[in-house]
Amino acid sequence: MFSLISKPFSASPLLSTLVLQRLTRTLTLLSNPDVSDENESVVSLGTSSTFIHPSAIVHPDAIIGQGVSIGPFCTVGPSAKIGDACKLYPGSHIFGDTVLGESCIVKTGAIVGEDLPGRTFIGCNNIIGHHSVVGVKCQDMKCKPGDECYLDVGDNNEIREYTSIHRSSKSSDGTVIGHSNLIMGSCHIAHDCKVGNNNIFANSTLLAGHVVVEDYTHTAGAVVVHQFCHVGSFSFIGGGSVVSQDVPKYMMVAGDRAELRGLNFEGLRRRGFSAEEIKSMRIAYRKIFMPKDVTSGGIEDRLTEVVQNEELANFPSVCSMVQSIRDSFVESRRGICKFRHWSGS
């Protein structure tokens, strides 16, 4: 997959002069595109060529794949591995033990990785937006100097401008992001978070440390999620919400502090849930959170009633919803967001 390309790299006082010379050539090319620069670094690798702009600084130990384009004023560190057909926009930087999979795009001002123990792994077909910071040291005080910390990102993610994604806080954990997520501008994913697949985080969604987000969730803008919270699959978080407890599967929450507002009907329909499935989940939701008899016992009694109902128990989505609620009440979890007219314990 990777082929080694050597490019001069020096920390001597002549480096500044070299950069100025390259800058002069770049400005000349920009002002007169008909003039060719015979000193451009174009390396032929098989059937495709790798282009390294003269003003880029690529360490000779870096591993560069075929068909890679590295623009002006980029930096690629000695431990970096750049996959085939990647494109580094001008002024983007790859540091530390960082693997960039095939066909990734790193846009202007973005920084991926850091010269620290540990690793940043980025899968294939990812877009890292302008001035994003991905795979750097976390902001957790328990992170000790010398600890190996990790970030693993899957494939086909779009990480938009000014987003920050941090490595884990310790070597025994990792920050993990799955596949096909859209992470919009100015979002933050802190240390040790686990994010699944096909999620949409709108602008300024902020996840504190150790947050778990499952699959097909959707947040509106300016959402804050407290550390150690779990956000279940197919759920929706309304704009401006502060989530301090778990969001069960299939549900919609909103507010400060966020409260349950019913099922995420629109999201369920868009994801192909049948009308019959949605109807069964709605009946189960009402039995759990809106009982007609306020003396019907605590929430565990109502959950048991749902799973013992022969009609409702035939739907896997209902059983999954009940299990998601139950899991939130184990000792290490934070419980679920309260229903706005919560009744019972």
Full working for side-chain contact (heavy atoms from CB on, under 4.5 Å) between N126 and I159: CA-CA 8 Å; N126 291 293; I159 301 168; 5.7 Å; no
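- Placement of V247 and Y285 within a single hydrophobic cluster is found when ILVMFWY residues are connected by side-chain heavy-atom separations under 4.5 Å, directly or transitively.
- Partner of V195 under the side chain to side chain contact (heavy atoms under 4.5 Å, CB included) criterion, chosen from L207, V212, N157: L207.
- Using cut-offs of 30° and 60° for the angle between ring planes, the H218 and F236 rings count as perpendicular.
- In this structure, H130 and Y89 have perpendicular ring planes: the angle between them is above 60°, well past the 30° mark.
- For N309 and E305, the side-chain atoms include no donor-acceptor pair closer than 3.5 Å.
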Please assess K194 against D173 for the test salt bridge (charged side-chain N to carboxylate O under 4.0 Å, His left out), listing each intermediate value before the final yes or no. CA-CA 10 Å; K194 307 292 186 293; D173 209 337; 2.8 Å; yes
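- With R333 contributing its side chain and H230 its backbone, the two residues share no donor-acceptor pair below 3.5 Å.
- A salt bridge is absent between D192 and K170: the closest approach of a Lys/Arg side-chain nitrogen to an acidic carboxylate oxygen does not fall below 4.0 angstrom.
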Determine, step by step, whether E266 and R269 satisfy the salt bridge (charged side-chain N to carboxylate O under 4.0 Å, His left out) criterion, reporting the C-alpha distance in whole Å, the side-chain angles of both residues, the deciding distance to 0.1 Å, and the verdict. CA-CA 5 Å; E266 186 59 33; R269 283 191 288 266; 3.3 Å; yes
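- Note: F234 and Y216 have parallel aromatic rings, judged against thresholds of 30 and 60 degrees for the angle between ring planes.
- At least one donor-acceptor pair under 3.5 Å links the side chain of T219 to the backbone N or O of A202.
- When atom types are taken as modelled, the side chain of T50 and the backbone of V68 share a donor-acceptor pair closer than 3.5 angstrom.
- A donor-acceptor contact under 3.5 angstrom links the side chains of N181 and N199, judged on distance only.
- No donor-acceptor contact under 3.5 angstrom links the side chains of S244 and H226, judged on distance only.
- Looking only at distances, a side-chain donor or acceptor of S55 sits under 3.5 Å from a matching main-chain atom of F73.
- The pair K137-D147 fails the salt-bridge criterion, with no side-chain N (NZ, NE, NH1 or NH2) lying under 4.0 Å from an Asp/Glu carboxylate O.
- Side chain of R302 to backbone of I288: a donor-acceptor contact under 3.5 angstrom is found.
- Between K249 and the options S320, S324, S233, S235, a side chain to side chain donor-acceptor pair (under 3.5 Å) holds for only S320.
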